Each structure stands twice: as C-alpha cells, then as structure tokens.
**Q** 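The structure under discussion is supplied below as structure tokens; questions concerning it will follow.
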Amino acid sequence: METTQQTGEPGAAERRRRELLEAADRVVLRDGPKASMNAIAAEAGITKPILYRHFGDKAGLYQALAVRHTDALLDSLRAALDAPAERRRRVEATLDTYLAAIEARPQVYRFLMHPAEDSHTAERGFDVGLHSAPLLRRLGEELAQVISERVDLGPGGEQLARVWGHGIVGMMHAAGDWWLGERPCERADLVAALTDLLWGRLATAGNRQDGPGF
C-alpha cells in the first residue's frame, strides 16, 4: 500500500497522478458510470483517503479524467480537420472520428456524460451534468476557432463561427448519444446523414485569404 510520505523527487507526484488516472481508466472501462472511488483505490493498490489526497473527491478525479480524454479527442479531431482532402471529406472524417471514439470506449463515454442510477450513497452528490457541460463547451470553442481561422464568413463571422462550432458539437453529442444507445444504423450512414445536414452554407463559403483553408 502507498503511504502518504512525499518522495521529494521532481516529477514523482505527476507520475503517480498519471498512474492513478490509468488505474481509474481501467475501472471505468470495466464499470462505466458505476465506477466508484473504492474500486479505483483498490485497482491502484492504495486506500481511498490517499486517492482523495491526489484528486480531492470524485468530482476532482472526474475532471482529471475528462481533461485526459478530451485532450486526446481534440488531437484526433484536429488531425482529421488537417488531413489533405477536400472539405466534405474532412467534415465526414471529423464526425467519424468523434463517433469512432465513443464507440471504441463506450464505458468511458458513459462515465463522462451519464450518471450511474444506483450510485453509492456517499457519491450521490456528484453531478455529472455540472462537469460534462464544460467539456462540450470546450469542444465547441475549439471547433469555432478552427472555423473562424479558415472560413471567410464576412461581417460578424467570429460570432457566427462560435454559433456553428457549438451547434455542430451539440449535434454530434446528441446524435452520437442516441446512436450509441440504440444503434439504429451503421456509423458510416450516420456520418453521411449528419454531413448532408451540415452541407448548406458551409459548403459554399469561401476560405479566408490569410488562412490555411478549410
């Protein structure tokens, strides 16, 4: 068992924190929204008070996991947006990247976006919605920045880019959540349908002359 003694080694606390997040990931992959602090502490080979010392409470651990997975997702989305292909294909690739990510790790997605219905009494105060909303806002702002930098939307373009960014993320989240739960069609069919929905003004807007193109 880990003790509360500090090693004093530079970077040791950060490495230990990363190890604990990896242990938490393993529990979340197994238990989804039902993942508890007790189970995560047991997986890491420590006591729950020590887990609290690193993250404060379940909300702190959730936020750390959310940043970890959101960073990875954003890297993948940027790669899809920057791929050498025509605009519609890159839009399709970006939508598919998001859907593929939640399909590959549905338990992680549900942990981040849905509360467990039978949470333990000590953890009932944890409000997933309170913490998941900032994740969606971050994705929306990131996409808005990409659109603003690459697409010439004319006067008021920055505000329009933010509307589109948050609207597209909201669409991806709502449609992806429904699709992951019901699986009414193949992922490729959903990607094509969502791209068709988007393919209005975005398809005809010109690229900014001083930008990398979209």
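Because the structure is predicted, anything quoted here is derived from the model rather than measured.
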**Q** With sequence neighbours left out, write down each residue that passes side-chain contact (heavy atoms from CB on, under 4.5 Å) with E86, or none if nothing qualifies.
**A**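 Residues passing side-chain contact (heavy atoms from CB on, under 4.5 Å) with E86: R88, R89.
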**Q** Any heavy-atom pair between the side chains of V91 and W199 that's under 4.5 Å?
**A** yes
**Q** Using side chain to side chain contact (heavy atoms under 4.5 Å, CB included), reason through H173 and L139 one step at a time and then give a plain yes or no.
**A** CA-CA 10 Å; H173 171 61; L139 289 172; over 6 Å; no
**Q** Working to the nearest 0.5 angstrom, can you tell me the gap between I46 CD1 and Y52 OH?
**A**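 Rounded to the nearest 0.5 Å, the CD1-OH separation comes out at 11.0 Å.
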**Q** Between atom OG1 of T97 and atom CZ of R78, what is the distance when rounded to the nearest 0.5 Å?
**A**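 T97 OG1 to R78 CZ: 13.0 Å, rounded to 0.5 Å.
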**Q** For the pair D71 and R138, find out whether any cationic side-chain nitrogen is under 4.0 Å from an anionic carboxylate oxygen.
**A**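 Result for this pair is yes, salt bridge flagged.
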**Q** Test R150 against D82 for salt bridge (charged side-chain N to carboxylate O under 4.0 Å, His left out), laying out the working first.
**A** CA-CA 11 Å; R150 300 181 180 214; D82 289 336; 2.4 Å; yes
**Q** Does any N or O in the side chain of W179 come within less than 3.5 Å of the main-chain N or O of L190, such that one atom is a donor and the other an acceptor?
**A**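 Pair absent, no side-chain N/O of W179 close to backbone of L190.
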**Q** For E182, does the CD atom sit with more than 12 other heavy atoms under 6.0 Å from it, leaving out its own atoms?
**A**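 Correct, the count exceeds 12.
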**Q** Sub-3.5 Å donor-acceptor pair from the side chain of D57 to the main-chain atoms of G60, do we have one?
**A** yes
**Q** What is the minimum heavy-atom distance between Q107 and D31, and which atoms define it?
**A** NE2-C, 3.7 Å
**Q** So, the side chain of R90 versus the backbone of L81: is there a donor-acceptor pair under 3.5 Å, distance only?
**A** yes
**Q** Tell me the closest heavy-atom pair linking L95 and L194, and the distance in Å.
**A** CD1-CB, 3.9 Å
**Q** Do L143 and W164 come within less than 4.5 Å of each other through their side chains, counting heavy atoms only?
**A** no
**Q** Do E142 and R137 meet the salt-bridge criterion of a basic N to acidic O distance under 4.0 Å?
**A** no
**Q** Is the backbone N or O of D152 less than 3.5 Å from a side-chain atom of R208, with the two atoms forming a donor-acceptor pair by type?
**A**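 Here the side-chain-to-backbone pair does not exist.
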**Q** Would the number of heavy atoms belonging to other residues, nucleotides or ligands and lying under 6.0 Å from CD of E22 be above 12?
**A**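 Yes.
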**Q** Please say yes or no: joined through hydrophobic side-chain contacts below 4.5 Å, possibly via intermediate residues, are L74 and L65 part of one cluster?
**A** yes
**Q** Grouping I, L, V, M, F, W and Y whenever their side-chain heavy atoms are under 4.5 Å apart, do V67 and L51 come out in a common cluster?
**A** no
**Q** Can you check side chain to side chain contact (heavy atoms under 4.5 Å, CB included) on H54 and L61, steps first, answer last?
**A** CA-CA 8 Å; H54 285 276; L61 176 62; over 6 Å; no
**Q** To the nearest 0.5 Å, what is the distance between CG (L21) and CZ (R16)?
**A** 10.5 Å
**Q** Is there a donor-acceptor contact under 3.5 Å from the side chain of Y98 to the main chain of L77?
**A** no
**Q** Can you tell me how far the OG atom of S36 sits from the NZ atom of K48, to the nearest 0.5 Å?
**A**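 Those atoms lie 7.0 Å apart.
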**Q** Can you tell me how far CD of Q63 sits from CG of L135, rounded to the nearest 0.5 angstrom?
**A** 9.0 Å
**Q** Counting C-beta onward and ignoring hydrogens, is there a side-chain heavy-atom pair between F111 and L29 closer than 4.5 Å?
**A**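 No; the side chains remain at least 4.5 Å from each other.
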**Q** With a 4.5 Å heavy-atom cut-off, do R26 and I40 have their side chains touching?
**A**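 When only atoms from C-beta onward are counted, I40 and R26 do not touch, as no gap falls below 4.5 Å.
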**Q** Write down the atom of G176, the atom of L99, and the distance for their closest heavy-atom approach.
**A**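 So the two residues come closest at CA-CD2, 3.7 Å.
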**Q** Is there a side-chain contact between T94 and I168 in this structure, where contact means two heavy atoms from C-beta onward sitting under 4.5 Å apart?
**A**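 No; the side chains remain at least 4.5 Å from each other.
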**Q** L136 pairs by side-chain contact (heavy atoms from CB on, under 4.5 Å) with which of M113, H166, M172, E141?
**A**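 For L136, the side-chain contact (heavy atoms from CB on, under 4.5 Å) check succeeds only for M113.
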**Q** Measuring from E19:CD to E14:CD, what's the distance to the nearest 0.5 Å?
**A** 10.5 Å
**Q** Would you say I147 and L153 make side-chain contact, with heavy atoms under 4.5 Å?
**A**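 Yes, side chains in contact.
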**Q** Give me the ring orientation class for Y109 and H114: parallel if the planes are under 30° apart, tilted from 30 to 60°, perpendicular past 60°.
**A** perpendicular
**Q** Does either side chain, that of Q145 or that of E149, offer a donor lying less than 3.5 Å from an acceptor on the other one?
**A**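 Yes, because at least one side-chain N or O of Q145 sits under 3.5 Å from a partner of the opposite role on E149.
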**Q** Go through D25 and H69 one step at a time and tell me if the side chain to side chain contact (heavy atoms under 4.5 Å, CB included) criterion holds.
**A** CA-CA 10 Å; D25 262 344; H69 288 286; 2.8 Å; yes
